[in-house]
Amino acid sequence: MAQQGVLTPQNEDFPRWYQDVVAKAELADNGPVRGTMVIRPYGYSIWEHIQSEIDQRIKAAGAQNAYFPLFIPESYLSREAEHVEGFSPELAVVTHAGGEQLTEPVVVRPTSETVIGEFMAKWVQSHRDLPLLLNQWANVVRWEMRPRMFLRTSEFLWQEGHTAHATFEDAAAYARQIHHDVYNDFIQNVLGVQVYLGIKSTSERFAGATNTMTCEGMMGDGKALQMATSHELGQNFAKAFDIKFQDESGTSAYCYTTSWGASTRLIGGLIMAHGDDNGLVVPPRLAPIQVVVLPVRDDEAVNAAVDRVGDQLKVAGIRVTTDRGRGSFGRRVTDWEIKGVPIRLEVGPRDLAEGLVTLARRDSGEKVQVRLEDVASATTNMLEEMQTAILAASRHRLSSRTADVTSVAEAAEAATAGFARLPWDLVRGEGETQLRTQAITVRCLQRADGSMPDHENEANLTCIVAKSY
RNA sequence: CGGGAAGUAGCGCAGCUUGGUUAGCGCGCCUGGUUUGGGACCAGGAGGCCGCGGGUUCGAAUCCCGCCUUCCCGACCA
């Protein structure tokens with residue numbers, strides 16, 4: 001039965017649709033202070049799954065978790081000139097504490113290169129201490145001009161990795177390893193989003209970095225979202241914080257450091273990459289709830305079957321929940337659709353009489369009937385199919401809405417609907433400035449074959465330009 | 001921070017132009033009953049510092065000033 005939508009349709013007003021999903025899927029609420037956000041239990045459970053997947057990959061890459069303080073002496077920031085220049089406008093600074101004015105104000109960390117640098121300097125003495133591979137899960141604060149739920153909040157949750165290496169090559173290789181094996185692997189295989197991997201142009205680079213790598217995803221409205229980044233920091237922070245080691249020959253040298261992060265912004269990316277007019281679509285591998293079992297009516301035989309089916313799925317290792325007796329069937333269906341649960345398993349007397357149940361897939365709307373004894377295997381298969389289909393859809397959107405063009409003017413035109421790709425030599429400098437006036441930015445630079453360049457000055461690079469979040 | 005819009009019950013809104021008894025409506029919520037194969041229905045009920053502060057007035061949701069917050073478009077950004 002056609003209903004008036006619960007959500008604003010995407011093509012009517014995409015930002016409004018986004019807000020609706022955040023609210024109706026019970027992901028988050030606005031906090032009382034400008035730009036802050038309360039992450040609700042369902043939203044937080046998605047974050048916990050993101051954390052767990054990324055954390056496993058970080059550990060597989062050899063880094064260890066640690067925790068550094070929220071407060072940083074203001075003077076630390078100013079030790080690295082570009083870093084302080086980049087971050088000062090958005091710092092929250094504590095000037096009073098304990099009822100007194102502080103002699104040195106402390107900043108609430110916007111990122112932790114500086115404090116961690118300070119401690120790396122203490123911990124690194126010898127080449128035997130390298131590489132030093134650290135990660136922390138933390139909150140950071142950046143007083144942004146224009147907050148948006150999950151995409152840009154004054155306080156956000158993330159992981160930030162910080163490493164120190166003996167050589168430029170080792171640092172560069174590790175930053176790339178994180179970029180591919182942690183970020184791209186997670187984003188593609190768990191989040192189901194196809195991204196462009198590339199390096200940032202000088203103007204888009206992280207403050208204090210010598211090279212910034214990015215994963216650029218395309219959202220449902222054709223705009224870009226930077227979903228994770230890895231930075232090579234050269235010796236900038238090593239020099240500012242005196243991170244030195246002695247090599248085999250006894251010569252003292254500065255380390256090369258890296259940093260890399262992914263944040264709760266990924267949830268914004270999840271919403272906008274896969275969501276539709278019925279709400280969120282959570283990829284099966286990420287979903288806190290993979291299957292919701294819905295009894296069509298509150299009836300003894302049906303409930304008994306619901307329990308049996310739920311147990312079968314649990315035994316098969318599927319994350320399953322049951323929703324019974326909470327209002328009408330239709331209501332429960334739409335509620336779980338908004339939350340994006342991959343599979344809805346309907347149990348009703350008619351099907352049951354024939355020994356069947358119905359599976360409904362969230363992304364395609366496809367419904368199939370399966371025999372009770374096959375529920376676990378059919379569900380497992382459908383979850384895998386959906387995971388594959390979601391990535392395929394994301395891949396299709398990215399390729400079909402990236403236009404290869406040959407001028408800045410054409411790029412500007414193409415960027416109204418998606419991404420544009422063109423030779424970097426046509427854009428760098430003048431073109432970049434010109435595109436910026438139309439809110440279009442260079443998202444990343446790639447080699448002609450789509451691989452990641454070593455630096456901006458390589459010959460024959462292409463660039464991808466788009467409007468972005 | 002610049003340009004635009006808006007803040008009235010949990011959510012969405014009307015009322016404001018032209019100040020005047022008790023501030024309404026839809027959804028949601030509570031109670032009881034009937035329901036449940038795509039947002040159920042009937043009956044009864046609860047819920048308001050009308051964003052905050054000041055001013056004008058006999059009287060302010062309504063007029064004036066200031067501030068805060070949210071949304072949209074920019075500059076900034078994970």
Side-chain angles (χ1 to χ4, degrees), chain A residues 1-8 13-16 18-20 22-24 26 29-37 85-91 110-111 138-160 183 200 203-207 212 214-217 225-231 259-269 278-279 294-299 302 323-338 344 346-353 356-358 360 365 367 369 436-441 467-469:
Chain A
M1 217 150 291
Q3 303 295 331
Q4 53 180 7
V6 182
L7 306 169
T8 307
D13 185 344
F14 196 85
R16 182 74 186 270
Y18 179 82
Q19 297 289 337
D20 285 355
V22 169
K24 299 269 171 58
E26 300 183 338
D29 266 343
N30 277 309
V33 172
R34 175 187 166 72
T36 61
M37 170 176 70
E85 194 190 330
F87 280 105
S88 330
E90 53 195 51
L91 290 181
T111 179
N139 57 339
V140 288
V141 169
R142 298 180 187 179
W143 220 258
E144 300 288 355
M145 296 296 171
R146 189 174 157 199
R148 284 159 169 268
M149 291 264 218
F150 290 112
L151 299 173
R152 209 169 31 244
T153 45
S154 303
E155 177 191 3
F156 58 93
L157 307 182
W158 75 346
Q159 63 62 220
E160 47 177 325
Y183 296 144
K200 287 293 186 185
S203 59
E204 299 282 329
R205 198 183 279 158
F206 175 76
T212 289
T214 179
C215 300
E216 294 289 326
L225 183 72
Q226 177 173 313
M227 300 183 74
T229 51
S230 306
H231 314 291
S259 68
W260 25 280
S263 71
T264 35
R265 171 179 280 188
L266 286 168
I267 297 175
N278 293 320
L294 286 189
V296 152
R297 63 180 63 212
D298 196 8
D299 159 288
V302 170
D323 184 14
R324 80 172 107 226
R326 189 185 59 84
S328 72
F329 177 72
R331 161 50 71 100
R332 285 174 287 152
V333 167
T334 46
D335 281 355
W336 289 108
E337 273 178 346
I338 292 172
R344 184 173 74 246
E346 302 175 0
V347 183
R350 285 208 301 265
D351 284 354
L352 223 43
L356 301 171
V357 294
T358 300
K367 277 190 178 187
Q369 292 183 311
R436 201 182 283 276
T437 63
Q438 296 165 75
I440 299 162
T441 50
K467 295 190 177 186
S468 76
Y469 281 96

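None of these values were measured; they are calculated from a predicted model.
Across the protein-nucleic acid pair, A:Arg326 atom CZ and B:A40 atom C1' stand 14 Å apart, rounded to whole Å. The interatomic distance linking A:Asp20 (CG) with B:C27 (P) rounds to 19 Å, in whole Å. A straight line from CE of A:Met37 to P of B:C71 spans 12 Å, rounded to a whole angstrom. In this structure, the CG atom of A:Asn30 is 17 Å from the P atom of B:C68, given to the nearest Å. At whole-Å resolution of the value, CZ in A:Arg297 and C1' in B:U35 are 9 Å apart. Distance, A:Gln19 CD to B:A6 P: 18 Å, rounded to whole Å.
Counting heavy atoms from C-beta on, the side chains of A:Glu216 and A:Lys200 come closer than 4.5 Å. Side-chain contact between A:Arg344 and A:Lys367 is present, with at least one heavy-atom pair separated by less than 4.5 Å. Under the 4.5 Å side-chain criterion, counting only non-hydrogen atoms from C-beta, A:Trp260 is in contact with A:Gln159.
Base pairing analysis places B:U21 opposite nothing; no Watson-Crick or G-U wobble pair with both distances below 3.5 Å involves it. Partner assigned to B:C11 is B:G26, using Watson-Crick or G-U wobble distances below 3.5 angstrom. Across all strands shown, B:G47 remains unpaired; no Watson-Crick or G-U wobble contact has both distances below 3.5 Å. Applying the Watson-Crick and G-U wobble criteria (two distances, each under 3.5 Å), B:U69 pairs with B:A6. Base pairing of B:C41 is made with B:G33, judged by Watson-Crick or G-U wobble geometry with both donor-acceptor distances under 3.5 Å. Remark: B:G74 base-pairs with B:C1; criterion is Watson-Crick or G-U wobble with both hydrogen-bond distances under 3.5 Å.
Annotation for A:Glu85: atom CD does not count as buried by contact number, only 12 or fewer foreign heavy atoms lying within 6.0 Å.
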Quick one, A:Phe156 with A:Arg265, criterion side chain to side chain contact (heavy atoms under 4.5 Å, CB included). Give me CA distance, side-chain angles, the key distance, then yes/no. CA-CA 8 Å; A:Phe156 58 93; A:Arg265 171 179 280 188; over 6 Å; no

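In the set B:U70, B:C13, B:A40, the nucleotide with an atom closest to the side chain of A:Arg16 is B:C13.
Distance noted for atom C1' between B:G19 and B:G59: 8 Å (whole Å).
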Base versus backbone protein contacts along nucleotides 73-78 of chain B [heavy-atom cut-off under 4.0 Å; B, S, -]: BBBBBB

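Residue-to-nucleotide proximity on RNA chain B shows that, of A:Gly35 and A:Gly365, the 5′-proximal contact is made by A:Gly365.
A salt bridge is defined here as a Lys NZ or Arg NE, NH1 or NH2 lying under 4.0 Å from an Asp or Glu carboxylate O, and A:Arg332 with A:Glu346 fails to meet this definition.
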